[in-house]
There are 2 protein chains.
Amino acid sequence: MTNLGDLEIFARVVSSGSMSAAGRALGFSPAVISKRIKRLEDRLGTRLLQRTTRQISLTEAGQGFYDRVLGILTGIEEAEAYASGRSSQAQGVLRISAPTSFGRMHIAPHLTGFMKDHLDLKLHIVLTDDFTDIVAEGFDMAVRIGELTDSSLVARKLAPVRRLLCASPDYVARNGAPNEIGDLARHFCLPAHNNDNWKLEGPEGSLVWHPEGPLVTNSSEIVRAAVIAGAGIALRSTWDIGPELRSGQLVQVLPQWEGSKNLTLSAVYPSRQFLPAKVRLFIDYLAALYGPVPYWEQ
Amino acid sequence: MTNLGDLEIFARVVSSGSMSAAGRALGFSPAVISKRIKRLEDRLGTRLLQRTTRQISLTEAGQGFYDRVLGILTGIEEAEAYASGRSSQAQGVLRISAPTSFGRMHIAPHLTGFMKDHLDLKLHIVLTDDFTDIVAEGFDMAVRIGELTDSSLVARKLAPVRRLLCASPDYVARNGAPNEIGDLARHFCLPAHNNDNWKLEGPEGSLVWHPEGPLVTNSSEIVRAAVIAGAGIALRSTWDIGPELRSGQLVQVLPQWEGSKNLTLSAVYPSRQFLPAKVRLFIDYLAALYGPVPYWEQ
DNA sequence: TTGAGCTTTTCCATTTCGGAAACAATGGCA
DNA sequence: TGCCATTGTTTCCGAAATGGAAAAGCTCAA
């Protein structure tokens, strides 16, 4: 039967992109890495890595094998954590990927509350707006906003996402508030950072509006600052501008229209038979935190 | 990181119930088994097996660990098979559990057809009417008839199960056919081998009938022979008595009533991210064989 | 009470494993 | 274009691990 170390080494070689780098990471000499990759390939009777002396790439068999090996390794990790930690205590390292803005505003502030209940757990949080492949990147879970489709992942809904049109009071004072959807054409519209069209739902059904405005950016934070500064009308999520709405820094316009409803805030994780306790506990924590009605909606 | 051999040894010790037996099965001396179990426990910091010199039992931690280890081992097996066999060829051993009667009548006759397409595959088929724990018993899949609930398994429907009331023509000639459901009280009823009540559905809704008759047995085959021999009325599946209905050896009675519809013939297998090719191919084969309308219904 | 069968420990031969060094090959950079 | 740093591979050797036989201690059944 395969030596487990070989699988670990193989996975590390793939993720780091080089045998030498894997050797450094794992504390082995390059010679060992080379020998064990070779042994693994010999036993499998297949070439897993296509290598020139300068570069390494996965063969098709290697890619499929790698996908599987990742699952196996985390499975072993989970089994060991279960047996060691027992009684479903969280321990080890919990690796999370989350959207930048949401992570900063609604995850980061609550982390200490979770950590003080789980002293044996280390958190490793990466904020990015790319939809990274969480299993290939080695994340235990991700927080996502959107419509979810990837079938190899399991999603648990954390909260609905409401998006509404808003502007600053002084913008409204200067330009007036739109009364019907067509009025938007006469306003400054601030597209979202991903530059999407606005999918709106209203009393007359749904429509797609293509926002045109003076500002295009890839940063959600800049759009946010711009609309608060009075630059125009934006379609923002309630989790993003809830406090500003309450404080009066922003007001809702065209309240009969809202962003398309099939967006959700979700926790996603690889589908496995045994969910690590650390992942389950953290998702439970977030779900309890955001509740049936999130605090930013109240 | 854990040595994979330790996990394999641990799993074998649990399944065989003794270290010595595991040693014999794996070709190791008892000394080695003992040492490696001890090492595994030391690293996990938990006792996995409670042992008296004469007997071995799993601790709670050991049970949970064992469940996980089984999944890991089959995962590795699948990963290796994938890389070695490539292009999703079936190979290795496919272990199947199936109901005795159905297996004999509707699986066994078709096995050669499957085997000739997959020469590298060995089949290992166990017929039993117990609902065995397929993952603990080391089966890759099972064919089941019934209502399915086990959440740790995935079920794929192969065919609907129709059950209807029938008797032999000479029984009907001697005793007459029942005209309405209440007439059953005046007939010999042959309960199924599991001695269940009959859940029937008819034009007036559903009801539960408690069949009373001269014959009680745990063998489905005996009930089947008895009804053909004219001993009474039985509720039988169409896959069981289809040919007899067609040949006239049996006739349907009370045709407006049928057995409860929420029974299905299904293939079940452990939920895993990667389904072994051998399992997928065999289930596809059965599904194609039984089709949308099974051949025994035509 | 005895004996068979089990687990565990001890000691030893063997195998495996990891590393240093030497070598070959590749791509970046001046 | 030519140099050089980096990478993968091979060889050889010391160190660590693995597996087995034998002995000991224990439990259950006859």
Side-chain angles (χ1 to χ4, degrees), chain A residues 1-63 65-66 69 73 76 80 83, chain B residues 1-63 65-66 69 73 76 80 83:
Chain A
M1 161 81 72
T2 298
N3 185 318
L4 189 54
D6 293 3
L7 300 185
E8 225 177 343
I9 287 174
F10 170 70
R12 198 52 170 258
V13 168
V14 174
S15 71
S16 64
S18 120
M19 293 200 195
S20 303
R24 284 191 295 273
L26 297 173
F28 288 133
S29 73
V32 175
I33 309 290
S34 174
K35 271 189 281 194
R36 300 191 67 162
I37 293 288
K38 180 168 161 41
R39 181 174 69 177
L40 186 59
E41 289 180 331
D42 285 349
R43 185 184 22 246
L44 295 175
T46 312
R47 182 149 277 249
L48 298 172
L49 298 171
Q50 206 54 265
R51 33 202 188 272
T52 70
T53 33
R54 203 59 185 175
Q55 200 161 345
I56 252 173
S57 66
L58 280 167
T59 62
E60 188 188 329
Q63 179 65 56
F65 192 66
Y66 177 62
V69 166
L73 292 178
I76 290 174
E80 293 185 336
Chain B
M1 162 80 74
T2 299
N3 185 317
L4 191 52
D6 292 2
L7 299 186
E8 224 177 343
I9 286 174
F10 169 69
R12 196 53 167 259
V13 168
V14 173
S15 71
S16 63
S18 119
M19 294 202 195
S20 303
R24 284 190 294 273
L26 296 173
F28 288 130
S29 74
V32 175
I33 309 290
S34 173
K35 271 189 280 194
R36 300 192 66 161
I37 292 288
K38 179 168 163 40
R39 180 174 68 177
L40 186 58
E41 289 179 331
D42 285 349
R43 184 181 22 246
L44 294 175
T46 313
R47 181 148 278 246
L48 298 172
L49 299 171
Q50 206 52 263
R51 31 203 190 273
T52 69
T53 34
R54 202 59 185 178
Q55 199 163 345
I56 253 174
S57 66
L58 281 167
T59 62
E60 189 188 328
Q63 178 66 55
F65 192 66
Y66 177 62
V69 166
L73 293 178
I76 289 174
E80 293 186 334

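Below, chain A is the first sequence line, B the second, and so on; all start at residue 1. Model, not experiment: these values are computed from the prediction.
Summarising the geometry, the separation between CE on A:Met19 and P on D:dT10 is reported as 10 Å, rounded to the nearest angstrom. Per the geometry, CZ belonging to B:Arg24 stands 18 Å off P belonging to D:dG19, to the nearest Å. Taking atom CD1 of B:Ile56 as the reference point, atom P of C:dG5 lies 17 Å away to the nearest angstrom. Whole-Å rounding puts the A:Glu8 CD to C:dG18 C1' distance at 16 Å. One interatomic measurement links the two molecules: CZ of B:Arg36 to P of C:dT9, which rounds to 16 Å at whole-angstrom precision. Atoms CZ (A:Phe28) and C1' (C:dT16) sit 13 Å apart, rounded to a whole Å.
For D:dG20, one of the phosphate oxygens OP1 or OP2 lies less than 4.0 angstrom from a side-chain nitrogen or oxygen of B:Ser29. Between D:dC26 and B:Arg51, no contact under 4.0 Å exists linking OP1 or OP2 to a side-chain N or O. Put simply, A:Arg39 has no side-chain N or O that comes within less than 4.0 Å of OP1 or OP2 on C:dG18.
Contact annotation for B:Gly27: backbone-only contact, meaning every heavy-atom pair under 4.0 Å involves sugar-phosphate atoms and none involves a base. When heavy atoms are screened at a 4.0 angstrom cut-off, A:Asn3 is found touching the sugar-phosphate backbone but no base atom. B:Ile33 comes within contact range of no nucleotide atom at all, as no heavy-atom separation falls under 4.0 Å.
Using a cutoff of 4.0 Å between basic side-chain nitrogens and carboxylate oxygens, A:Lys35 and A:Glu41 are not scored as salt-bridged.
Taking the side chain of A:Ser20 as heavy atoms from C-beta on, and the options C:dT8, D:dT9, D:dG8, the nearest nucleotide is D:dG8. You'll find that the side chain of B:Ser18 is closest to C:dC6, out of C:dC6, C:dT8, C:dA20. Distance from the side chain of A:Lys38 is smallest for D:dT10 among the nucleotides D:dG19, C:dT7, D:dT10.
When all heavy atoms of A:Leu7 and A:Val69 are compared, the pair lying nearest together is O-CG1, 3.8 Å.
The line from CD of A:Gln50 to CD of A:Gln55 is 11.5 Å long, rounded to the nearest 0.5 Å. Between B:Phe10 atom CZ and B:Ile33 atom CD1 the span is 12.5 Å, to the nearest 0.5 Å.
A side chain to side chain contact (heavy atoms under 4.5 Å, CB included) with B:Leu4 is found for exactly one of A:Asp6, A:Asn3, A:Leu4, namely A:Leu4.
Not a single donor-acceptor pair, N or O on each side, falls under 3.5 Å between the base of D:dG8 and the side chain of A:Lys35.
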